[in-house]
Amino acid sequence: MKLPVSFLTFLFSFIITSEAVLAQHFFKDKSDADVAVYHKIDSLNELAFVSKRNDIDKALKLLDDAARLSVANNYKKGTATNYLYEAGIYEQNGYSKNALPLYYKSLELSKAIDDTFNVARANQQIAKALMDGNDLTEAEKLFKEAMANYKILNRRDDLVNIENYLGRIKLQQKDYVTAEKYFSEALRESKEVAYGYGLKKANYYLGVLYLEKNNLPKAKVFLSNALTLDEQKNDKYGLSLAKIKLSVVACKEKHYEEAVKLAKSALQDAHAISAMQLEIEAVETLKNVYNYQKNYEKVIEWQEVLIDQQKQIYDKERSFALQFLDILKKKQEEQLAFEKQVLQAEHKARFTYLILSIVGLGLVILSVLAYVCYRNYLNAKIYSKELAAKNAVIEENALMLRELNKAISIQNTGLAETNQMKNKLFSIISHDLRAPFSSVKGVLGLIQSRSMSDDEIKRVMGLLNRELEVAMGMLHNLFVWAKAQLEGSVINLEPINLYNLAEENIEFALSQARQKNISLINAVPTNALALADKERLSFVLRNLLMNAIKFTYGNGEISIHTEDLGDKVAIAVTDNGKGIAPSNLNKLFTEQRFTSLGTAKEKGTGLGLMLCKDFVESLGGTITVKSTEGEGSTFFVVLHKALQADIQETAESRHQYQEIHHNN
């Protein structure tokens, strides 16, 4: 959620003031020069915090400068804050998986230096990320830990925010009694400390709570209170949120004219601040109001607006994702260059120290030889051995430097290959997206140009849905690849229960199969295990299932089973569909895309099997296919079995992780 500029300005001033107070504790016994550097680091961190919503590149550069100064001056508090704000940038842009490790680093470092304020902030941010990921139990636990620290520091504004978050968790869990208790307490404390932001949020969420309980009078009162507070601050984002919910209330009260007026006003407020997601929410609300009125002409009109807005937000998110990936890649390259410079400087310093030591040692040897000539032979043997040892150390350091340069060269080659793959995928996507969106545009033009019967509308909407499914499938594959590139080459290999994985993916594909009356059968033994990364293997299995559905006729059958291959296991997806012509088998799993129409004229992108092959090979496995035209196909994914040692190691790792979190 975007925050108003006035609130960000207030927050920045408040943080600077808090940092100045806390500095009295952290800067004691430090020289004036050290204190000046620490203040500079804090200023860079806070300036990055303010810049992150408008200029991500600038914010990351400021954080990078602050991080280097913190390391150089051993300023651990500055490093902890740096981790916190860098993680905030990743979370702000939808990369919570990258943010969480940095939040945990900040938490660990803050605990080590007894920085209660940063411990609370880190717990709060981790809890928010977990809440967004729907891990509500762990999120609630961390919010309560943050609350305990804020009580110690007497930070009542932050306590109000935590109470609102806890209320939201209970609201998601449908625990309305506890949720109402948290929101009411936040409302009371906000009034006591004159905290406007907490007051409006408490009113808003109380309104949402009573709306869910269908207590419309109370919902209207609290949402109107939130609207009034947002009007006083001219907070367009808050105004749009409150008006959308009030429109829903008016619609339920059958005050349709008022509901339409509120929804249109919410749309104007969202448009004024370019809040595309809120615009979509407002249009959805308008469409629902007209649907209740059975004004289907207006429903179709606003449906077209909604489709156009969704296309805009997809284009915007895709463009932003590409820009953000480029920024992260640039940051990684700069970090690698910096680390290389540091390593080279360290090796140079060690080498210089070693040379000076040898020179000094030589002078000592000459002095001793001049003073004790009669022991010349004995001393020469001793110093010869020492010199040989030093030379061995020099050789060892030289070998380490060569290995480091070799590793950096491999990393650079990997980056070049990744960039080449990125350019290729984006070229494919930009070319192939034109066709479905041109079809969508044509269909919408046809609907707009003349009146149509219900059967015609149903048929046209079916065409529109198929074109959008192709575009969405292509975008999904692009973001799966982009996510894999952003997370790096680290693969989480662990024992995977293949029966459970097959069951999850069959559940995912069930609705698609039902459209063609196709049976999906899980014939995997319940104890079948493979050593793999769950997320990558799930992507592969899901793609193979969807392909099988695409090329299987109505009333057909698809099964998933396994074959024992000794120390390996094969996961097989078999269908009795149209099969693959022998001339086309060699075209699969290559860099040249190949696709054909399904049994119901379904279109494909040609990207799924390319990504499946890359993912399976990254797990140390292979993917093959056997097919008979007119009889069906079987795709085989061969992986290493999960050995007993792997299962034991995974169990011990989880046990240690649980112990650490329990102790914390």
Side-chain angles (χ1 to χ4, degrees), residues 462 465-466 468-470 472-474 476-477 480 495-530 532-565 569-580 584-585 588-589 595-613 615-616 619 621-639 642:
N465 185 56
R466 282 197 292 273
L468 286 175
E469 281 181 352
V470 173
M472 288 298 292
M474 192 171 296
H476 172 73
N477 283 336
V480 167
I496 303 298
N497 185 295
L498 299 179
Y499 175 83
N500 292 340
L501 191 69
E503 197 69 19
E504 291 173 10
N505 283 281
I506 285 175
E507 184 69 22
F508 175 84
L510 201 56
S511 63
Q512 199 80 5
R514 284 173 177 166
Q515 293 178 14
K516 298 173 74 173
N517 199 28
I518 293 172
S519 300
L520 301 181
I521 300 171
N522 184 358
V524 177
T526 57
N527 62 345
L529 297 174
D533 182 294
K534 183 177 180 181
E535 188 171 348
R536 294 191 177 208
L537 183 55
S538 184
F539 173 85
V540 172
L541 195 56
R542 185 161 61 251
N543 266 268
L544 295 180
L545 262 179
M546 298 307 287
N547 271 358
I549 293 170
K550 176 181 172 184
F551 294 109
T552 299
Y553 296 100
N555 300 313
E557 181 178 288
I558 299 169
S559 69
I560 305 176
H561 59 278
T562 59
E563 295 182 9
D564 194 322
L565 304 177
V569 60
I571 312 152
V573 178
T574 300
D575 65 68
N576 59 357
K578 64 189 288 187
I580 304 168
N584 291 332
L585 279 173
L588 303 180
F589 308 119
T595 183
S596 60
L597 294 177
T599 57
K601 307 300 182 185
E602 303 100 322
K603 294 181 180 179
T605 66
L607 295 175
L609 289 180
M610 290 170 60
L611 290 174
C612 284
K613 180 176 181 290
F615 277 15
V616 170
L619 300 176
T622 58
I623 182 167
T624 56
V625 60
K626 290 182 180 178
S627 183
T628 303
E629 191 172 10
E631 295 183 10
S633 306
T634 300
F635 283 80
F636 298 91
V637 176
V638 179
L639 297 170

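- Atom CG of residue Leu545 and atom NZ of residue Lys550 lie 14.5 Å apart, to the nearest 0.5 angstrom.
- Listed here is the closest heavy atom pair of Tyr553 and Gly577: CE1-C, 4.1 Å.
- Heavy atoms only, all atoms of each residue included: Leu529 and Asn497 are closest at CD2-CA, 3.7 Å.
- For the atom pair CG (Asp575) and OG1 (Thr552), the distance works out to 4.0 Å, reported to the nearest 0.5 Å.
- Closest approach of Ile580 to Ser627, counting heavy atoms only: N-OG, 2.8 Å.
- Rounded to the nearest 0.5 Å, atoms CD1 (Ile560) and CG (Asn522) are 6.0 Å apart.
- In Glu507, the CD atom is not crowded: 12 or fewer heavy atoms of neighbouring residues, nucleotides or ligands sit closer than 6.0 Å.
- Looking at residues two or more places apart in sequence or on another chain, you find no side-chain hydrogen bond (donor to acceptor under 3.5 Å, both in side chains) involving Asn576.
- With rounding to the nearest 0.5 angstrom, the CZ atom of Arg536 is 10.5 Å from the CG atom of Leu611.
- Taken to the nearest 0.5 Å, the CG atom of Leu544 stands 11.0 Å off from the OG atom of Ser633.
- With sequence neighbours left out, the side-chain hydrogen bond (donor to acceptor under 3.5 Å, both in side chains) criterion links Thr599 to Lys516.
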Worked verdict on Asn543 versus Leu609 for side chain to side chain contact (heavy atoms under 4.5 Å, CB included): CA-CA 8 Å; Asn543 266 268; Leu609 289 180; over 6 Å; no
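- Closest non-hydrogen pair, Glu557 versus Ile521, comes out as CD-CD1, 3.3 Å.
- The minimum heavy-atom distance linking Ala502 with Val524 is given by the pair CB-CG2, 4.2 Å.
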Should Phe635 and Asn547 be marked as a side chain to side chain contact (heavy atoms under 4.5 Å, CB included) after you check the CA-CA gap, both sets of side-chain angles, and the distance that decides it? CA-CA 10 Å; Phe635 283 80; Asn547 271 358; 5.6 Å; no
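- Shortest non-hydrogen contact noted between Ala532 and Leu537 is CB-CD2, 3.9 Å.
- To the nearest 0.5 Å, atoms CG (Leu510) and CG (Leu520) are separated by 6.0 Å.
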